[in-house]
Amino acid sequence: MSQQLIILERVSAVSSPLFRPCSELLRASIPSSEQLSDPRLAQLLARDDYRMYALLLNGAVAATAILYLPRGEDFVWLDYMAVRAELRNRGLGSALFHEVTKTASRERPGAAFLFFEVDDDRDVGDAARSINHRRIEFYRRIGAKLLVNAEYLFPSASGAGVPMRLMVFRLRPGVELSQELVGRAVENIFLEVHGRSKDDMLLRSIVDHLPSRLILE
């Protein structure tokens, strides 16, 4: 991979020639219950704080990620990340994550943590458990931690909340993760990205039951 040209490029608008291959990659890689609708995605990408990126391998889209970069907050959120199936296990996922964290630190230097969701590896069938566990271990190997004692449900637009887990990557050393910060981050993404309200039952079921002592492993 050292002889291949890898570039992270922002997909600045839905009119960009990079938008379709990136959006098709997301649709193919992520369960429909965990996706944003096309109109909502287009609406969010028109904002400056919600950004799609393409990882280009020799000029072609090899992977994509979406970063939510709220201003005035001490966190950012990696909303989606996907690598083309035929290019997996070649280090592109690690390269994309590294580029994403560099971008987050550059664009929001005050942010201390990057949050993201991963599929639950607990109450699922054996095949899904194995896949989801491997994905969690992949993120652990590149420096992220699993928030093991906090429950999380993805606010699916297609129905009930989808059980997922939260992971955290520290962007700045020496900063402690707090119950208040996690609650604020979850509430922010529910309101600003998913269009929920502060009294949303799903949101309250998460935020109101966060433990005072958070455990990262």
Asks: Treat each ILVMFWY residue as a node, draw an edge where side-chain heavy atoms are under 4.5 Å apart, and state whether F138 and L114 are in one component.
Replies: yes
Asks: Can you list the steps and then say if E217 with K145 is a salt bridge (Lys or Arg N to Asp or Glu O under 4.0 Å)?
Replies: CA-CA 5 Å; E217 293 182 353; K145 300 289 186 181; over 6 Å; no
Asks: Between R141 and E137, does any side-chain N to carboxylate O distance fall below 4.0 Å?
Replies: no
Asks: Compare all side-chain heavy atoms of V186 with those of L166 and state whether any distance is below 4.5 angstrom.
Replies: yes
Asks: Do other residues, nucleotides or ligands put more than 12 heavy atoms under 6.0 Å from R213 CZ?
Replies: no
Asks: Hey, would you say the F97 and Y139 ring centroids sit under 6.0 Å apart?
Replies: yes
Asks: Do you know the tightest heavy-atom contact between V207 and G183?
Replies: CG2-O, 3.9 Å
Asks: Would you say that L181 contacts E73 through its side chain, given a criterion of any heavy-atom pair below 4.5 Å between the two side chains?
Replies: no
Asks: Do you know which of Y68, F113, F115, F190 makes ring pair (Phe, Tyr, Trp, His ring centres under 6.0 Å) with W77?
Replies: F115
Asks: Rounded at 0.5 Å granularity, tell me how far CG in N132 sits from CG in D119.
Replies: 4.5 Å
Asks: Verify salt bridge (Lys or Arg N to Asp or Glu O under 4.0 Å) between D199 and R204, making sure each step is shown before the conclusion.
Replies: CA-CA 7 Å; D199 59 356; R204 299 268 53 96; over 6 Å; no
Asks: How close do R47 and E192 get, counting heavy atoms only, and between which atoms?
Replies: NH1-O, 3.0 Å
Asks: So how far is it from L202 CG to D200 CG, rounded to the nearest 0.5 Å?
Replies: 5.5 Å
Asks: If you look at every heavy atom in R84 and A60, which pair is closest and at what distance?
Replies: NH1-CB, 4.4 Å
Asks: I'd like to know if the side chain of Y152 pairs up with that of D120 as donor and acceptor (distance under 3.5 Å, no hydrogens or angles considered).
Replies: no
Asks: Given L67 and V100, is the side chain to side chain contact (heavy atoms under 4.5 Å, CB included) satisfied, shown in steps?
Replies: CA-CA 8 Å; L67 263 179; V100 160; 3.8 Å; yes
Asks: Of the non-hydrogen atoms in A111 and V76, which two are nearest, and what is the gap between them?
Replies: CB-CG1, 3.9 Å
Asks: Between D48 and R10, does any side-chain N to carboxylate O distance fall below 4.0 Å?
Replies: yes
Asks: List the atom of L69, the atom of E107, and the distance in Å for their closest heavy-atom pair.
Replies: CD1-CB, 4.3 Å
Asks: About how many Å separate CE of M81 and CG of L25, when rounded to the nearest 0.5 Å?
Replies: 10.5 Å
Asks: Return the CG to CG distance between L5 and L56, rounded to the nearest 0.5 Å.
Replies: 8.5 Å
Asks: Mind checking whether I66 and Y53 have side chains closer than 4.5 Å, heavy atoms only?
Replies: no
Asks: A side-chain contact here means heavy atoms from C-beta on lying under 4.5 Å apart; do L44 and R40 qualify?
Replies: yes
Asks: Tell me, do L36 and H194 make a side-chain contact under 4.5 Å, heavy atoms counted?
Replies: yes
Asks: Please report the interatomic distance CD1(I142) to CZ(F169), rounded to the nearest 0.5 Å.
Replies: 7.5 Å
Asks: So, the side chain of S29 versus the backbone of A82: is there a donor-acceptor pair under 3.5 Å, distance only?
Replies: no
Asks: Look only at the side chain of H209 and the backbone of S205, and say whether a donor-acceptor pair between them is shorter than 3.5 Å.
Replies: yes
Asks: Would you indicate whether the side-chain heavy atoms of V83 and T64 approach each other to under 4.5 Å?
Replies: no
Asks: Rounded to the nearest 0.5 Å, how far apart are CG of L203 and OG of S197?
Replies: 7.5 Å
Asks: Looking at D74 and R172, is any side-chain nitrogen of the basic one under 4.0 Å from a carboxylate oxygen of the acidic one?
Replies: no
Asks: Can you confirm whether T103 sits close enough to L8 that some side-chain heavy atom of one is under 4.5 Å from a side-chain heavy atom of the other?
Replies: yes
Asks: Would you check if L216 and V148 make a side-chain contact, meaning some heavy-atom pair closer than 4.5 Å?
Replies: no
Asks: Any donor-acceptor pair under 3.5 Å linking the side-chain atoms of R134 with those of S130?
Replies: yes
Asks: Decide side chain to side chain contact (heavy atoms under 4.5 Å, CB included) for L18 and E9; before the verdict, give the C-alpha distance in whole Å, the side-chain angles of both, and the deciding distance to 0.1 Å.
Replies: CA-CA 9 Å; L18 295 174; E9 185 170 324; 3.6 Å; yes
Asks: Evaluate the criterion side chain to side chain contact (heavy atoms under 4.5 Å, CB included) for residue pair N188 and R184; output intermediate values, then yes/no.
Replies: CA-CA 6 Å; N188 189 293; R184 194 170 73 249; 5.5 Å; no
Asks: Identify whether the distance between the nearest side-chain nitrogen and carboxylate oxygen of K198 and E187 falls below 4.0 Å.
Replies: yes
Asks: State plainly whether the residues E117 and R165 are in salt-bridge range, i.e. N to O under 4.0 Å.
Replies: no
Asks: Counting distance only, does the side-chain N/O of Q35 pair as donor-acceptor with the main-chain N or O of I30 below 3.5 Å?
Replies: yes
Asks: Please find the pair of heavy atoms, one from I136 and one from L146, that lie closest to each other, and give the distance.
Replies: CG2-CD2, 4.4 Å
Asks: Keeping R51 on the side-chain end and S12 on the backbone end, is there a donor-acceptor pair under 3.5 Å?
Replies: no
Asks: Quick one: do E99 and K102 make a salt bridge, cutoff under 4.0 Å?
Replies: yes
Asks: Return yes when atom CZ of R20 has more than 12 non-hydrogen atoms of other residues, nucleotides or ligands closer than 6.0 Å, and no otherwise.
Replies: no
